[in-house]
Protein chains: 2
Amino acid sequence: MISHKIVPNISVDCVVFGFDFEKLNVLLVKREMKDNGSGAVLINDHTLAGYHIFEDEDLDSAATRILRGLTGLDNIFLEQFGAFGQLDRVSSPKDKMWLDYINQGFADRIVTVGYLALIDNTKVTLTLKDRDVSWFPVSMISDMEMAFDHKYLFYKAIEALQRKVKVEPIAFELLPDYFTLSQLQKLYEALLGTSFDKRNFRKKVAQMHYVIPLKKKQQGVPHKPAQFYLFSREVYEKTRKGRISFII
Amino acid sequence: MISHKIVPNISVDCVVFGFDFEKLNVLLVKREMKDNGSGAVLINDHTLAGYHIFEDEDLDSAATRILRGLTGLDNIFLEQFGAFGQLDRVSSPKDKMWLDYINQGFADRIVTVGYLALIDNTKVTLTLKDRDVSWFPVSMISDMEMAFDHKYLFYKAIEALQRKVKVEPIAFELLPDYFTLSQLQKLYEALLGTSFDKRNFRKKVAQMHYVIPLKKKQQGVPHKPAQFYLFSREVYEKTRKGRISFII
DNA sequence: GAACTTTGTGTACATTGTACACCAATAAAC
DNA sequence: GTTTATTGGTGTACAATGTACACAAAGTTC
């Protein structure tokens with residue numbers, strides 16, 4: 001195992017989204033610290049998945065490394081949603097105490113690059129070695145305590161996600177390889193916080209020739225089985241349109 | 001004058017766009033270095049407007065500071081388009097020689113945050129003290145020599161610009177307060193590299209209630225004078241629509 | 001086989017996009 | 001002051017897309 005030198009004032013934070021066919025979730029890491037003597041709980045909240053970058057890796061690699069550590073997966077969809085360098089990012093007493101505790105000292109000035117990650121929930125089983133990592137419904141985040149400016153980063157991430165999802169077919173990254181149209185619809189509804197008419201939704205999907213029906217159907221469901229579809233990036237790339245439309 | 005401590009491994013680069021009613025231009029800074037003895041030209045190319053950040057300023061402030069230095073203007077439209085941390089960003093012999101020459105040594109690892117800036121050409125007069133800063137048509141960039149990975153950053157910036165301009169009314173930042181519809185149309189054509197039908201374009205603009213006709217008309221032009229319009233951000237914010245439309 | 005649950009389909013209307021051609025208003029030239 | 005050159009400004013017919021809306025079909029469970 002090679003030990004890498006970290007860059008003390010640059011880090012990467014990943015906002016990892018997953019979809020359980022009902023709602024959107026985010027992956028958070030528990031942060032816990034007790035007083036050595038009394039055992040009193042000093043810190044008990046959550047952070048995004050993040051770490052410093054190493055001297056010898058670029059930003060995308062750092063994000064990939066962090067996600068591999070948490071989920072065991074490579075090849076996760078990743079996209080930057082911003083760089084954050086506010087002076088007071090890491091300034092609360094708790095946060096300083098924490099950095100001291102985990103022995104990172106405090107660079108008084110850390111710039112972090114935010115990454116949006118979309119993962120297919122069915123491919124991940126958490127509860128690996130550490131159960132400090134778990135999924136939380138995005139609707140719950142507003143009521144949670146979070147470290148540093150991570151709640152702010154989360155909001156920025158979800159804004160970016162909603163913006164991008166309307167314009168690029170990245171939502172499919174949150175679904176398994178085969179999915180039904182109802183699952184797709186629920187996903188978009190969860191992402192955008194709206195609801196769609198079933199017939200109109202399907203009419204629209206029918207025009208997306210890169211969403212391809214398979215011969216396969218659902219099995220063992222207590223109702224009419226749905227047909228499976230798959231997303232083809234190749235077809236998408238070949239058939240994308242001009243989309244000139246500055247908005248009203 | 002206070003002297004600030006710089007953060008050696010973090011910088012900000014600004015891709016500054018302007019519009020001269022004919023084409024899009026970018027602001028570049030000349031980089032020149034001659035051999036002390038022979039006077040031979042060792043480096044003669046261009047860089048984006050960029051510098052390290054200071055310990056006591058955040059990223060946006062750094063970008064604002066850099067632009068104030070170049071243009072004399074505050075209140076310039078600014079938006080991040082990415083963070084760049086490739087290991088080989090600053091690696092060519094020329095670039096190393098240059099960093100040595102301007103006495104910055106070489107941090108072997110610099111992360112830069114890219115900012116897109118849109119400025120109203122009519123408000124800037126360059127040729128201040130230094131004439132090392134000047135406008136170049138974006139169409140010319142592909143043939144130019146540029147420092148570091150700045151050509152790459154430029155392409156990323158223009159991609160982001162084209163994406164955003166279709167979806168948010170930021171193009172107006174490139175126009176004077178009062179403008180004609182023909183100027184607006186030429187601007188969009190320059191930005192997107194397309195051309196529009198005049199009547200259809202105007203029909204579309206007519207639906208944007210935040211583009212407001214004024215009583216004023218052009219004067220002294222050798223043809224029918226055009227009406228002036230203005231962009232109202234307030235009206236825009238109040239009337240923006242839902243725009244749910246994941247793309248085909 | 002009855003009850004339950006989710007799938008899958010079509011039509012009428014409104015809105016938006018697109019293709020296309022001519023007169024109007026001004027300054028400059030004569 | 002008449003002509004010329006140049007850009008500004010307008011409407012209509014058709015195609016494509018968005019939207020509102022209701023019911024039968026295919027499975028499982030009991």
Side-chain angles (χ1 to χ4, degrees), chain A residues 20-23 166-167 169 175-176 178-190 192 194-230 239-248, chain B residues 20-23 166-167 169 175-176 178-190 192 194-230 239-248:
Chain A
D20 58 12
F21 300 117
E22 283 298 328
K23 54 190 166 13
K166 287 176 202 160
V167 153
L175 291 172
Y178 303 160
F179 51 87
T180 71
L181 293 185
S182 297
Q183 291 169 345
L184 185 62
Q185 182 174 348
K186 268 202 179 140
L187 171 56
Y188 272 100
E189 290 175 341
L192 299 175
T194 41
S195 69
F196 298 104
D197 175 83
K198 204 206 308 188
R199 277 178 287 193
N200 293 339
F201 183 87
R202 290 161 110 94
K203 201 187 302 176
K204 193 152 190 174
V205 174
Q207 295 170 265
M208 306 177 182
H209 301 300
Y210 52 83
V211 179
I212 301 170
L214 301 174
K215 303 259 162 69
K216 271 175 97 171
K217 294 197 172 196
Q218 279 183 319
Q219 286 185 339
V221 286
H223 55 74
K224 180 171 176 178
Q227 190 164 25
F228 282 118
Y229 286 74
L230 84 80
T239 60
R240 43 150 99 244
K241 291 192 184 170
R243 54 176 138 277
I244 314 151
S245 131
F246 41 101
I247 243 89
I248 298 173
Chain B
D20 58 12
F21 300 116
E22 285 298 326
K23 54 190 166 14
K166 288 177 201 160
V167 154
L175 289 173
Y178 302 161
F179 52 86
T180 71
L181 293 184
S182 296
Q183 290 169 345
L184 184 63
Q185 180 173 349
K186 268 201 179 142
L187 171 57
Y188 272 100
E189 290 175 340
L192 299 175
T194 41
S195 68
F196 298 104
D197 175 81
K198 204 205 311 187
R199 277 177 289 192
N200 293 339
F201 182 89
R202 292 162 109 95
K203 202 187 303 175
K204 193 152 191 176
V205 174
Q207 294 171 265
M208 307 176 182
H209 300 302
Y210 52 83
V211 179
I212 301 171
L214 300 174
K215 302 259 162 68
K216 271 174 99 171
K217 295 197 168 192
Q218 279 181 321
Q219 287 185 337
V221 286
H223 54 73
K224 180 171 177 178
Q227 190 164 25
F228 282 117
Y229 286 74
L230 85 83
T239 61
R240 42 147 101 245
K241 292 192 184 167
R243 56 177 136 276
I244 314 150
S245 131
F246 42 101
I247 243 89
I248 299 174

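Just so it is clear, the model here is predicted, and its values are computed rather than measured. Hydrogens, waters and symmetry mates are skipped; everything else that's a heavy atom, side chains included, is used. Here is the naming used below: chain letters follow the sequence lines, and residue numbers restart at 1 for every chain.
Look at CZ on B:Arg202: it is 12 Å from P on D:dG11, rounded to the nearest Å. The separation between A:Lys203 atom NZ and C:dG10 atom C1' is 8 Å, rounded to whole Å. Distance, B:Phe179 CZ to D:dG8 P: 14 Å, rounded to whole Å. Atom-to-atom, CZ of A:Phe21 to P of C:dT7 comes out at 13 Å; the value is rounded to the nearest Å. Per the geometry, CZ belonging to A:Arg199 stands 17 Å off C1' belonging to D:dT17, to the nearest Å. Per the geometry, NZ belonging to B:Lys204 stands 17 Å off P belonging to C:dT15, to the nearest Å. A straight line from CG of B:Asn200 to P of D:dG11 spans 14 Å, rounded to a whole angstrom. For the pair B:Gln227 CD and C:dT26 P, the computed distance is 13 Å after rounding to whole Å.
For the atom pair CD of A:Gln207 and OG1 of A:Thr239, the computed distance is 12.0 Å after rounding to the nearest 0.5 Å. A distance of 9.5 Å separates CG in B:Leu181 from CD in B:Gln183, rounded to the nearest 0.5 Å. The distance from atom OG1 of A:Thr180 to atom CZ of A:Phe228, rounded to the nearest 0.5 Å, is 7.0 Å. Note: A:Phe201 CZ to A:Ser195 OG = 11.5 Å, rounded to the nearest 0.5 Å. For the atom pair NZ (B:Lys186) and CG (B:Leu175), the distance works out to 12.5 Å, reported to the nearest 0.5 Å.
Residues from residues 218-226 of chain A with heavy atoms under 4.0 angstrom of DNA chain D, sorted by number: A:Val221, A:Pro222, A:His223, A:Lys224, A:Pro225.
Backbone-only engagement by B:Ser182 is indicated by non-hydrogen atom pairs under 4.0 Å involving sugar-phosphate atoms exclusively.
Closest contact between the side chain of A:Gln207 and the listed nucleotides C:dT9, D:dG18, C:dG8 involves D:dG18.
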For residues 214-223 of chain B, which side-chain donor-acceptor pairs fall under 3.5 Å, sequence neighbours excluded?
{"from": "B:Gln218", "atom 1": "OE1", "to": "B:Ala226", "atom 2": "N", "distance (Å)": "3.0"}

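For A:Lys23 against A:Ala190, the heavy-atom pair with the smallest separation is CA-CB, 4.4 Å.
The 5' end of DNA chain D is approached more closely, in terms of each residue's nearest nucleotide, by A:Asp197 than by the other of A:Lys217 and A:Asp197.
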